[in-house]
There are 2 protein chains.
Amino acid sequence: MGNREQTFQKILEVAYVMFAEKGFEKTSLAMIAAEVGISKPAIYYYFQSKDQLISFLFEELYKEIQYDIVVDYKELSPSNFIEKLLKIGYKSIDEQDKDPYFNKIFSQYLLLAARDDHYMQQLLELQSDYLARFYDIFQYAVQLEVLDENANIEAKAHMLAMLYDNIGNFMLTGSQLNYKAIWREAVHSVIQGGKDE
Amino acid sequence: MGNREQTFQKILEVAYVMFAEKGFEKTSLAMIAAEVGISKPAIYYYFQSKDQLISFLFEELYKEIQYDIVVDYKELSPSNFIEKLLKIGYKSIDEQDKDPYFNKIFSQYLLLAARDDHYMQQLLELQSDYLARFYDIFQYAVQLEVLDENANIEAKAHMLAMLYDNIGNFMLTGSQLNYKAIWREAVHSVIQGGKDE
DNA sequence: GTCTATAGTAGGATAGAC
DNA sequence: GTCTATCCTACTATAGAC
């Protein structure tokens, strides 16, 4: 890795942390530069503007998220279906403990999206991709006869997706809830309810 | 209402809308003053600083939220329990359609809270109050024998509370989901799951 | 109670040297 | 590739007149 690439990555890393901790607006380029160990104008060699730096960071996160929920359908069976569904939630809970910055940054992009169509469009893509993954899993559950085909598959899938999403937000506030128990309850409720209807 | 009170309220109303639309940082006191029809320094007659205006607005919202979920336990019976629980969600969904500003503002205070203990403390109070209300309702459900006492009451209550909360966030992004169907599914899943265990 | 005028500060961004 | 120096703009906040 050359000097150029090194500084570039360092700026991104520092910006990621500072944006998460202080927010986009309250983080000035001067502060980032100081932390990186370069001067403010040097940042302009790598990024056209502060907005472009923020936007570039989003693109990087965007790529990461898309590989977040991965399910290997070949592994799914009627007997291990619930277990696999539980693991999806557990994994997310464990990861959010590890990187406390991610959600702080991400919720800021959500706010930006309310005023910027470019971000909004990409976030909506993420969101619908996200909802679709849960929906796919539930459709497969019908095939496996874990769920009745008359059960309200879509509502069940969206419910779990929305809960999954909000666990991250709650962890952000530092609430010490038993998230795994909540997720377990949700998964069991949804699956059992679908067998009885 | 005197002139003084009138201008004071007008500043708050204008600030509420502009903060929601553009965000705290991108809304200057000059913009608020222009919209109100006074000059910028005039705002300092009513508020010590911009931060104090933001903080005051939060206090007002804080009071509103606390009266959000109201349940009259005398009205609850085994036969109408699910119906009443459904109404709590429906009401929130309908109200968020009406005031699109509330969530946009509120999510900004959430971000502030991550860096300001004062906000964090109050938000945590709101959140635990909120979780407790759902928990109380579910404990009452056990009394009514709508739910088995061995059912995981706490997890069920927290699950519904978190879903309830995130419906607002999703509506903020403009996602056109069938929120009432999702809420209905959640309520039914949770109650039915609890009877069978 | 609201104004005009202005101080003081800090931000993003650019020009040009090395 | 990184620097110094500097510009422009916009903001919060204050002083003091009316």
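In what follows, every chain begins at residue 1, and chains take the letters A, B, ... in the order their sequences are listed.
- For the pair Lys98(A) and Asp94(A), the salt-bridge criterion is not met [side-chain N within less than 4.0 Å of a carboxylate O].
- Of the candidates dG1(C), dA15(D), dT14(C), dA15(D) carries the atom nearest the Pro41(B) side chain, counting heavy atoms from C-beta on.
- Under 4.0 angstrom from either OP1 or OP2 of dT2(D) there lies no side-chain N or O belonging to Tyr44(A).
- Donor-acceptor pairing under 3.5 Å, judged by distance alone, is absent between the side chain of Lys50(A) and the base of dG11(C).
- Within the nucleic acid shown, Ser28(A) comes within 4.0 Å of sugar-phosphate atoms alone, with no base atom in reach, counting heavy atoms only.
- Contact check on Glu25(B) versus Lys26(A) returns a salt bridge, with a Lys/Arg side-chain nitrogen under 4.0 Å from an Asp/Glu carboxylate oxygen.
- When the P atom of dG11(C) is taken as reference, atom CG of Leu53(A) falls 15 Å away, rounded to whole Å.
- One can place OH of Tyr45(B) at 20 Å from C1' of dT12(D), the figure rounded to the nearest angstrom.
- Note: CD1 (Ile43(B)) to P (dC11(D)) measures 12 Å, nearest angstrom.
- Protein atom CZ of Phe47(B) is 12 Å distant from nucleotide atom P of dT2(C), rounded to whole Å.
- Among the nucleotides dA13(C), dA5(D), dC3(C), the one closest to any side-chain atom of Ala42(B) is dC3(C).
- Protein atom NZ of Lys22(A) is 13 Å distant from nucleotide atom P of dA10(C), rounded to whole Å.
- For the pair Lys10(B) NZ and dG1(C) P, the computed distance is 17 Å after rounding to whole Å.
- In this structure, CD1 of Ile32(B) is placed 17 Å from P of dA10(D), rounded to the nearest angstrom.
- A salt bridge is absent between Lys104(A) and Glu21(A): the closest approach of a Lys/Arg side-chain nitrogen to an acidic carboxylate oxygen does not fall below 4.0 angstrom.
- The CD atom of Gln52(A) sits 12 Å away from the P atom of dT14(C) (whole-angstrom rounding).
- Thr7(B) has a side-chain polar atom (N or O) that falls below the 4.0 Å cut-off from OP1 or OP2 of dT2(C).
- Closest contact between the side chain of Ser39(B) and the listed nucleotides dT12(D), dA5(D), dT4(C) involves dT4(C).
- Each of dC3(C), dT2(D), dA13(D) was ranked by its minimum atom distance to the side chain of Ile38(B); first place goes to dC3(C).
- Residues Tyr130(A) and Ile65(A) have side chains not in contact (no heavy-atom distance under 4.5 Å, counting atoms from C-beta outward).
- When each of dC3(D), dA13(C), dT2(D) is scored by its nearest atom to the side-chain atoms of Lys40(A), the top-ranked nucleotide is dA13(C).
- Hydrophobic cluster of Leu172(B): no remaining members, since no ILVMFWY side chain lies below 4.5 Å from it.
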